[in-house]
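Values in this document were obtained by computation on a predicted structure and should not be read as measured data.
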Amino acid sequence: MKTNHQALRWYENPALAFLVAVVLVGLVWGALSRLMGFSSFPGPITAIKELPAIVFDPNAIWAIAQSTGRMFAGYAWALIFAIPLGLAMGRSKAVYDVFYPLVSLAYPMPKAALMPILMLWFGLGSFSKILVIAMGVSLPVLFHSYQGATRIEKKLVWTAQAMGMGPVRRLFRVVLPAALPEILIGCRVGVVMALIVMVSSEMIARQEGVGNLLFTSMDMAQYATVYAVILVLAVMGFVLDWIFERVRRYLTHWAESAGGTSLH
C-alpha cells in the first residue's frame with residue numbers, strides 16, 4: 001500500500017491510464033486513416049461527428065434497445081442455468097462425470113456458428129438470438145462457478161452437514177455464498193461475452209438490432225456510421241464492465257479485505 005510520501009505513477013491511476021490509452025488509440029487510428037487514405041476507413045473525428053446522428057435517430061435507438069434487451073435476457077438465462085450447474089459439478093463427482101464431457105465438447109465451439117441451426121429450428125426472431133447469447137455466456141460462468149465450489153473449505157460443508165442441511169440447502173446456503181467471489185468473476189466475463197455474441201448473432205440473422213444497423217450502414221457505404229456504431233458498442237461494453245466491477249467489489253468486499261485479489 002502506498003504511503004503519503006510515495007506518489008502514484010501515472011499508469012497506477014486508472015482514470016489517467018484509461019485517458020492515455022484512449023488518446024493513443026485515437027492518434028494511431030487517425031494516423032492510419034491518413035496514411036491509407038481509404039474512404040472506407042474514416043478518421044476518429046469523422047466517426048465522432050456521426051455519433052449525434054445515431055443518438056438522436058429513433059430507429060437507431062430502437063435497434064440499440066432491442067439488442068440490449070436480448071443481451072440481458074440471454075445473460076439472465078445463462079446465470080439461472082450455469083451457476084447452479086457449476087456449483088453442483090464442483091461439489092458432486094456424479095454431476096461432474098455426467099456434464100463434464102458435454103461442457104468440454106461445447107467449450108471450443110464458436111457459439112455464433114450455431115446461429116444458422118437455431119434459425120432453422122426457431123426462426124429469425126429474438127428467441128434464437130437470446131438462446132445463442134445464453135450459450136455463449138454460460139460456459140465462463142459455469143467454469144468460474146465450478147472453480148469457486150471446488151475451493152470451499154471442507155470445514156464449512158462438514159459443519160452444514162452436522163447441522164442437518166440437505167444437499168440442495170447446502171448448495172444455496174453454504175456453497176453459493178462461499179463461492180460468490182469466483183462466481184462474480186465469471187459473471188463479469190459473461191457481460192462482455194454477451195455483448196460480443198449479441199452483435200455476432202444479429203450480423204448473421206440480419207433483421208433488426210445493432211448488428212443489422214452495422215451491416216446495413218456498410219452495405220450503403222455509410223462508413224462513418226459504421227465506425228460510429230462501433231464506438232457506441234465500445235462505450236456500451238466499457239460502461240457495463242465498469243458498473244459490474246463496482247457491483248462485484250461491493251458484494252465481495254469482505255473477501256478482498258480478507259486477502260482476496262481484485263482484477264484492478
**OP:** List the steps and the verdict of side-chain contact (heavy atoms from CB on, under 4.5 Å) for Ser128 and Trp121.
**Re:** CA-CA 8 Å; Ser128 56; Trp121 291 353; over 6 Å; no
Original post:
Can you name the nearest heavy-atom pair linking Pro101 to Tyr96, along with the distance?
Top reply: CD-O, 4.3 Å
Original post:
Same cluster for Trp77 and Met71 if Ile/Leu/Val/Met/Phe/Trp/Tyr side chains link at under 4.5 Å?
Top reply: yes
Original post:
For Ala179 and Ala149, which heavy atoms make the closest approach, and how far apart are they?
Top reply: CB-N, 3.9 Å
Original post:
Is there a path of hydrophobic side-chain contacts, each under 4.5 Å between heavy atoms of I, L, V, M, F, W or Y residues, that connects Leu51 with Val229?
Top reply: yes
**OP:** First locate atom CD1 of Ile83, then atom NE2 of His144, and finally report the distance between them rounded to the nearest 0.5 Å.
**Re:** 12.0 Å
Original post:
Looking at OG1 of Thr225 and CG of Leu231, how far apart are the two atoms once the value is rounded to the nearest 0.5 Å?
Top reply: 11.5 Å
**OP:** Check Trp29 against Pro44 and note the closest heavy-atom contact, atom names and distance.
**Re:** CE3-CB, 3.6 Å
Original post:
For residues 20-31, which residue pairs qualify under salt bridge (Lys or Arg N to Asp or Glu O under 4.0 Å), counting only residues two or more places apart or in two chains?
Top reply: none
Subject >> Path from Val226 to Ile48 over hydrophobic side-chain contacts below 4.5 Å >> reply: yes
**OP:** For the pair Val191 and Ile243, evaluate side-chain contact (heavy atoms from CB on, under 4.5 Å) and give the outcome as yes or no after the intermediate values.
**Re:** CA-CA 10 Å; Val191 169; Ile243 291 174; over 6 Å; no
**OP:** Please tell me if the side chains of Lys129 and Met198 come closer than 4.5 Å, counting only heavy atoms from C-beta onward.
**Re:** no
**OP:** Evaluate the side-chain proximity of Val189 to Val141: yes if any heavy-atom separation is below 4.5 Å, no if none is.
**Re:** no
Subject >> Within one Ile-Leu-Val-Met-Phe-Trp-Tyr cluster: Tyr250 and Leu184, side-chain cutoff 4.5 Å >> reply: yes
Original post:
Would you say Tyr100 has more than 12 foreign heavy atoms packed within less than 6.0 Å of its OH?
Top reply: no
**OP:** Look up atom CG in Asp241 and atom CZ in Arg248, then write down how far apart they are to the nearest 0.5 Å.
**Re:** 10.0 Å
Subject >> Inter-residue atom distance Tyr146.OH - Met89.CE, 0.5 Å rounding >> reply: 6.5 Å
Original post:
What distance do Met236 atom CE and Leu233 atom CG have between them, rounded to the nearest 0.5 Å?
Top reply: 6.5 Å
Original post:
Any idea which heavy atoms bring Ala228 and Ala47 closest together, and the distance?
Top reply: CB-O, 3.5 Å
Subject >> Gap separating the CH2 atom of Trp242 from the CZ atom of Phe238, nearest 0.5 angstrom >> reply: 8.0 Å
Contacts table for residues 61-70: side-chain donor-acceptor under 3.5 angstrom, sequence neighbours left out:
from  : atom 1 : to     : atom 2 : distance (Å)
Gln66 : NE2    : Glu208 : OE1    : 3.1
Ser67 : OG     : Ala63  : O      : 3.1
Ser67 : OG     : Glu202 : OE1    : 2.8
Ser67 : OG     : Glu202 : OE2    : 2.8
Ser67 : OG     : Val210 : N      : 2.7
Thr68 : OG1    : Ile64  : O      : 2.7
Arg70 : NE     : Glu202 : OE2    : 3.3
Arg70 : NH1    : Ser126 : OG     : 3.1
Arg70 : NH1    : Glu208 : OE2    : 3.0
Arg70 : NH2    : Glu202 : OE2    : 2.8

Original post:
Is there a path of hydrophobic side-chain contacts, each under 4.5 Å between heavy atoms of I, L, V, M, F, W or Y residues, that connects Ile80 with Ile183?
Top reply: no
Original post:
Parallel, tilted or perpendicular: which fits the ring planes of Phe41 and Tyr227, with parallel below 30° and perpendicular above 60°?
Top reply: tilted
Subject >> Ser145 versus Leu87, closest heavy-atom pair with distance >> reply: O-CD2, 3.6 Å
Subject >> Side-chain touch Phe72/Ile130, heavy atoms, less than 4.5 angstrom >> reply: no
Subject >> Closest non-hydrogen atom pair, Leu79 against Cys187 >> reply: CD2-SG, 3.7 Å
